[in-house]
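One structure is given below, encoded as C-alpha cells.
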There are 2 protein chains.
Amino acid sequence: MVKKTKSGFKKNTDSVSNAFSRSGMSMQEVESKLVDHGIQPSLQRIKLAQYLLGKADHPTAEQIYTWAQKELGKISLATVYNTLSTFIECGLIQEFKFPHLDQVIYDCRMDHHFHFVDTKSQRLHDVDSGSLRVQLKLPKKFLVEKFDIVFKGVIED
Amino acid sequence: MVKKTKSGFKKNTDSVSNAFSRSGMSMQEVESKLVDHGIQPSLQRIKLAQYLLGKADHPTAEQIYTWAQKELGKISLATVYNTLSTFIECGLIQEFKFPHLDQVIYDCRMDHHFHFVDTKSQRLHDVDSGSLRVQLKLPKKFLVEKFDIVFKGVIED
DNA sequence: TTTTACTTTTAGAATGATTCTAATATTTTA
DNA sequence: TAAAATATTAGAATCATTCTAAAAGTAAAA
C-alpha cells in the first residue's frame with residue numbers, strides 16, 4: 001500500500017547520478033510532488049517520476065525501463081510496472097492504450113486531452129480538449145459519460 | 001494466398017449443419033460474397049463469414065472460435081485467426097481495438113462508424129458517422145487523415 | 001535503540017491474446 | 001493422374017503485462 005507519511009524518509013542515495021539536475025524537476029521537487037500525492041518517495045519512485053514528469057514524452061514501460069536502467073544501474077522491470085500502477089492509482093499520471101500500438105503509453109498530463117498520431121514518425125502529440133468540439137446525436141437513452149479520440153495523420157514539414 | 005477463381009470449388013459439406021438456414025445469409029449467399037471479395041470459399045471460411053456477417057455482434061476471436069467449434073465440431077484456433085486476417089485483408093470485415101478490452105473485436109460494418117461502450121454490460125453499439133460532427137482547431141501543419149472515437153456511458157432502461 | 005510491522009523491490013514464473021512453424025490435407029491446374 | 005498451389009492444423013513461440021513469494025529496506029512501537 002501507499003500511505004501518507006508526515007515526513008519523508010531516508011533514501012539510499014549512494015548510486016544516484018544527477019543526469020537531470022539541469023532539466024525537468026529536481027529530486028527535491030519530485031519528492032514533494034510524490035508526497036503530495038500520498039506516495040512514499042523511494043529512490044526508484046523519485047527517479048521514475050523525474051523521468052515521467054520532466055523528460056519523457058509519452059513513453060512506454062519499455063522505454064521507461066531502459067532509461068531507468070541507465071540511470072539507476074539496476075532496477076527490476078516489475079518495479080517499473082509496480083511504480084507505474086502506483087502513480088496511476090494516486091493520480092500522478094494516466095495511461096493510454098491506442099489501437100495502433102500494442103503497448104500502454106504513460107502520460108503526465110492529467111487534464112482531459114486527446115492525441116494526434118503522426119503516422120510518419122509514430123510520435124504522439126497532445127491535443128487540448130479546448131481545440132475540439134464534438135456534437136453527437138444519439139437516442140436519448142444513451143448517456144455519454146466520456147469519450148476518447150485519436151487523430152491520425154501527418155505533419156507537414 | 002487468396003486468389004480469385006472463375007468458379008467456386010467443391011466443399012466437403014458432410015458435416016455442415018444448418019443452424020443458420022433461418023437467420024442471416026444462406027451458405028450460398030455467403031459463398032458468393034466471399035468469391036466477390038476474392039476469397040476461396042472453403043467450409044470453414046463460409047461458416048465463419050456466415051457468423052460474422054449475419055449473426056455475430058462485435059465478436060472477439062474467442063467468441064468466434066467457440067461458436068465455430070459448436071458449428072463445425074472441430075476447427076483450429078489458428079484457422080480462426082488466419083481466416084479473420086484473410087477477411088480483413090480482402091475488405092470483408094474490419095478489426096477494432098478498444099482501450100477497455102484486451103482482445104480485438106471484429107466488425108462486419110465496413111463504413112466509417114464509431115462505437116459506444118455500455119459500461120454496464122460492456123456491450124458495443126454502433127454510432128453512425130452521420131450522427132457526429134467534429135470541429136478541430138490545430139496548427140495547419142497537422143493534417144488529419146482519420147480519427148477514431150469511442151464513447152463510454154450507460155444506457156437508460 | 002531493538003524489535004516488530006509494514007512497505008518496497010526483486011527475479012522469475014505465469015498469463016493470455018495473437019502469431020509463427022512446419023507438417024498434413026485439400027483443391028486446382030497442367 | 002501428377003504436380004503445384006492453397007488451406008488447415010497442432011502446438012510452439014512471442015511479447016506485454018501481471019503474479020508470486022521471498023528478500024531488502026524503512027517506520028513506528030516498546
Side-chain angles (χ1 to χ4, degrees), chain A residues 1-15 34-35 38-49 59-66 68-69 72-90 95-99 101-106, chain B residues 1-15 31 34-35 38-49 59-66 68-69 72-90 95-106:
Chain A
M1 285 294 102
V2 179
K3 281 203 332 206
K4 297 242 186 212
T5 43
K6 270 148 280 173
S7 58
F9 59 82
K10 281 206 219 99
K11 304 160 295 293
N12 55 332
T13 40
D14 306 357
S15 59
L34 292 182
V35 173
I39 301 165
Q40 284 196 349
S42 71
L43 174 63
Q44 290 86 338
R45 285 170 175 176
I46 291 171
K47 278 303 187 180
L48 292 179
T60 63
E62 193 62 31
Q63 292 169 329
I64 296 164
Y65 179 50
T66 300
Q69 281 182 309
L72 291 170
K74 180 159 161 297
I75 184 173
S76 168
L77 181 57
T79 301
V80 172
Y81 278 106
N82 288 343
T83 302
L84 290 167
S85 298
T86 298
F87 286 179
I88 291 166
E89 236 172 65
C90 296
E95 65 174 12
F96 285 97
K97 293 180 187 179
F98 295 104
L101 194 62
D102 281 335
Q103 294 159 83
V104 170
I105 76 101
Y106 300 89
Chain B
M1 284 294 100
V2 179
K3 281 204 334 206
K4 298 244 184 211
T5 42
K6 270 148 278 177
S7 59
F9 58 82
K10 278 204 223 105
K11 302 161 297 292
N12 54 334
T13 39
D14 305 357
S15 59
E31 180 167 339
L34 291 182
V35 172
I39 301 165
Q40 285 196 348
S42 70
L43 174 62
Q44 290 86 337
R45 286 169 173 178
I46 291 171
K47 279 301 187 181
L48 292 179
T60 62
E62 193 61 32
Q63 292 170 329
I64 296 164
Y65 179 49
T66 300
Q69 281 181 308
L72 292 169
K74 182 162 160 297
I75 185 173
S76 167
L77 181 57
T79 301
V80 172
Y81 278 106
N82 288 343
T83 302
L84 289 168
S85 297
T86 298
F87 287 179
I88 290 166
E89 236 173 66
C90 297
E95 64 174 12
F96 285 96
K97 293 179 188 181
F98 294 104
H100 71 290
L101 195 62
D102 281 335
Q103 294 159 83
V104 170
I105 77 101
Y106 299 90

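Lettering follows sequence order; numbering is per chain, from 1.
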Once each nucleotide of nucleotides 9-19 of chain C is scored for protein heavy atoms under 4.0 Å, what B/S/- sequence comes out, 5' to 3'? BBBB----SBB
Calculate the interatomic distance between L34(A) atom CG and dT26(D) atom C1'; express it in whole Å. 16 Å
Taking the side chain as every heavy atom from C-beta outward, state whether I75(A) and Q69(A) have any pair of such atoms under 4.5 Å apart. yes
To the nearest angstrom, how far is L72(B) atom CG from dA7(D) atom C1'? 14 Å
Between P on dT6(D) and CD1 on I39(B), what's the gap in Å once rounded to a whole number? 15 Å
I64(B) atom CD1 is separated from dT8(D) atom P, nearest whole Å, by 15 Å
Expressed as a whole number of angstroms, how long is the span from Q69(B):CD to dT8(D):C1'? 15 Å
Rounded distance in Å - CZ (F98(A)) to P (dA16(D)): 17 Å
Atom pair CD/OG1 of Q44(B) and T83(B) - distance to nearest 0.5 Å: 7.0 Å
Heavy-atom side-chain contact between L34(A) and F87(A) under 4.5 Å: yes
Nearest-Å distance for atom pair NZ/C1', residues K97(A) and dT17(D): 9 Å
Contacts of E95(A) meeting side-chain hydrogen bond (donor to acceptor under 3.5 Å, both in side chains) (sequence neighbours excluded), chain-then-number -> none
Return the orientation label for the H100(B) and F98(B) ring planes: parallel under 30°, perpendicular over 60°, tilted otherwise. tilted
Rounded at 0.5 Å granularity, tell me how far CG in L84(A) sits from CG in L48(A). 6.5 Å
